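Just below is one structure, and these are the notes that go with it.
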Amino acid sequence: MATVVLIHGAWHGAWCWEQVAAELDLLGVENHAVELPLTGHADDVAAVAAALDAVPGPKVAVSHSYGGLVASGAADGRDDVSHLVYLCAFLLDKGERVLDNLMDLEPPKLFDALRTTDDGRSYIDPSGAVPAFYAECPSALAEAAIPRLRPMDPTSTMHPCLGEPWRHVPTTYVICERDGAINSEAQRRMARRAGTVVTLDTDHSPFLSKIPETVRIITDAVD
């Protein structure tokens with residue numbers, strides 16, 4: 001059975017997969033959540049590549065949001081990734097950038113919550129985190145998540161995509177219709193590149209708002 005490698009998105013950490021990882025553990029599905037340094041796109045890609053190298057046998061790479069950009073770069077050219085799951089994530093052509101999919105669409109609520117630290121890193125204003133990320137999540141899970149958000153290098157999300165592993169690896173795209181961070185229309189456009197498309201009526205954080213459904217999507221990719 002393949003090992004699931006979980007790749008979080010911008011401003012988050014490996015902690016965001018805790019609920020999903022616990023359910024996968026109960027099902028006997030091996031899994032590993034990568035902690036991205038969020039210090040630059042190259043650093044994040046290197047962290048995922050190292051995680052993939054450290055896991056023997058086939059892997060299912062599950063990426064969320066910005067993590068999709070990272071996963072595409074790290075998984076490109078590998079023959080040990082058996083399935084890719086993009087969970088409301090950026091599934092891009094090589095050389096394409098995140099904003100290329102957003103410029104002609106209504107700005108997401110995320111943009112209202114973006115702030116910059118004195119040293120130039122981007123972060124999320126806690127008052128805007130629920131509309132951006134957690135609008136459909138149980139309040140206790142959302143309240144626990146907000147203090148764990150962290151700043152990141154703002155140039156990471158501006159980096160062109162480094163690879164297109166989805167062209168030769170079975171791929172599932174999960175559209176989140178109530179997403180406050182990535183416009184659902186942008187997700188539908190990116191989902192056309194995937195062999196399997198699943199739609200969830202939820203926010204940007206299905207790993208907290210739709211835990212059983214997210215686990216089922218992952219286990220379907222493992223089988």
Side-chain angles (χ1 to χ4, degrees), residues 1-9 12-36 47-72 74-76 78-91 133-134 136-138 141-142 144-145 165-179 181-182 184 187-188 190-223:
M1 182 181 292
T3 298
V4 174
V5 177
L6 301 161
I7 304 155
H8 67 80
H12 286 69
W15 58 264
C16 72
W17 298 108
E18 288 171 353
Q19 306 292 325
V20 167
E23 294 299 317
L24 292 173
D25 288 342
L26 289 174
L27 295 171
V29 178
E30 292 289 333
N31 63 90
H32 172 71
V34 183
E35 185 74 28
L36 300 182
V48 174
L52 293 172
D53 287 342
V55 175
K59 298 92 168 166
V60 172
V62 180
S63 57
H64 173 248
S65 194
Y66 160 71
L69 180 66
V70 177
S72 289
D76 196 52
R78 302 184 69 107
D79 59 8
D80 57 352
V81 175
S82 60
H83 203 113
L84 297 158
V85 178
Y86 290 82
L87 189 64
C88 53
F90 286 100
L91 196 175
F133 299 143
Y134 311 123
E136 305 296 318
C137 295
L141 292 179
W166 49 268
R167 291 192 181 275
H168 55 85
V169 176
T171 299
T172 298
Y173 195 97
V174 182
I175 299 169
C176 293
E177 290 286 4
R178 297 177 183 268
D179 199 318
I182 301 176
S184 59
Q187 294 181 47
R188 282 188 282 274
M190 293 185 287
R192 296 181 189 131
R193 296 163 174 157
T196 300
V197 179
V198 179
T199 300
L200 295 179
D201 186 26
T202 197
D203 56 23
H204 190 61
S205 304
F207 43 74
L208 298 178
S209 61
K210 294 285 186 183
I211 297 167
E213 292 86 349
T214 300
V215 170
R216 189 174 307 116
I217 291 164
I218 293 171
T219 56
D220 284 349
V222 170
D223 292 339

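Values in this document were obtained by computation on a predicted structure and should not be read as measured data.
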Original post:
Taking only residues two or more places apart in sequence, or in another chain, which ones meet Glu18 in a salt bridge (charged side-chain N to carboxylate O under 4.0 Å, His left out)?
Top reply: Arg148
Original post:
Considering residues at least two apart in sequence or located in another chain, which fulfil the salt bridge (charged side-chain N to carboxylate O under 4.0 Å, His left out) criterion with Asp25?
Top reply: none
Original post:
Ignoring hydrogens and geometry, is there a side-chain-to-backbone donor-acceptor pair from Arg193 to Trp166 under 3.5 Å?
Top reply: no
Subject >> Pairwise side-chain contact, Pro165 with Leu84, heavy-atom cut-off 4.5 Å (strictly under) >> reply: yes
Subject >> Partner set under side chain to side chain donor-acceptor pair (under 3.5 Å) for Asp220, not counting sequence neighbours >> reply: none
**OP:** Apply salt bridge (charged side-chain N to carboxylate O under 4.0 Å, His left out) to Arg216 and list each qualifying residue two or more places apart in sequence or on a separate chain.
**Re:** none
**OP:** Quick one: closest heavy-atom pair of Val197 and Ala191, and the distance?
**Re:** CG2-O, 3.5 Å
Original post:
Which heavy-atom pair separates Ser184 from Ile175 by the least distance, and what is that distance?
Top reply: O-CG2, 4.3 Å
Subject >> Partner of Leu87 under side-chain contact (heavy atoms from CB on, under 4.5 Å), chosen from Thr214, Val198, Leu6 >> reply: Thr214
**OP:** With rounding to the nearest 0.5 Å, note down the distance linking CZ in Phe133 to SG in Cys88.
**Re:** 10.5 Å
Original post:
Under a 4.5 Å cut-off applied to non-hydrogen side-chain atoms, are Trp17 and Val62 in contact?
Top reply: yes
**OP:** Search all heavy atoms of Cys137 against all heavy atoms of Leu208 and return the closest pair with its distance.
**Re:** SG-CB, 3.7 Å
**OP:** Please identify each residue that fulfils salt bridge (charged side-chain N to carboxylate O under 4.0 Å, His left out) with Glu35, with sequence neighbours left out.
**Re:** Arg150
Subject >> Non-hydrogen side-chain atoms of Ile217 and Leu200 separated by less than 4.5 Å >> reply: yes
Original post:
If you look at every heavy atom in Met1 and Gly28, which pair is closest and at what distance?
Top reply: SD-O, 4.3 Å
**OP:** Identify the residue among Glu136, His204, Gln187 that makes a side-chain contact (heavy atoms from CB on, under 4.5 Å) with Cys176.
**Re:** Gln187
Subject >> Where Ala194 and Thr172 come nearest, the two heavy atoms and their spacing >> reply: CB-C, 4.3 Å
**OP:** Measure the spacing between OG of Ser205 and CG of Leu141 and express it to the nearest 0.5 Å.
**Re:** 10.0 Å
Original post:
Do side-chain atoms of Thr171 reach the backbone of Val169 as a donor and acceptor pair under 3.5 angstrom?
Top reply: yes
**OP:** Return the minimal non-hydrogen interatomic distance between Ala74 and Leu52, and the atom names on each side.
**Re:** O-CD1, 4.0 Å
Original post:
Below 4.0 angstrom, N of the basic side chain to O of the carboxylate: do Asp53 and Lys59 qualify?
Top reply: no
Original post:
Quick one: are Tyr173 and Met190 in side-chain contact, heavy atoms under 4.5 Å?
Top reply: yes
Subject >> Flag side-chain contact, heavy atom, 4.5 Å: Ile182 against Ser65 >> reply: yes
Original post:
Can you tell me how far CZ of Phe207 sits from NE2 of His8, rounded to the nearest 0.5 angstrom?
Top reply: 10.0 Å
Original post:
Passes side chain to side chain contact (heavy atoms under 4.5 Å, CB included), Thr219 versus Leu24? Steps please.
Top reply: CA-CA 8 Å; Thr219 56; Leu24 292 173; 3.9 Å; yes
Subject >> Interatomic distance, Arg188 atom CZ to Thr199 atom OG1 [nearest 0.5 angstrom] >> reply: 8.0 Å
Subject >> Distance in Å, Tyr86 OH paired with Ser72 OG, rounded so as to fall on 0.5 Å steps >> reply: 2.5 Å
Subject >> Inter- and intrachain pairs under salt bridge (Lys or Arg N to Asp or Glu O under 4.0 Å), touching residues 199-214, at least two apart >> reply: Arg178-Asp201
Original post:
From Ile218 CD1 over to Leu27 CG, what is the distance, rounded to the nearest 0.5 angstrom?
Top reply: 10.5 Å
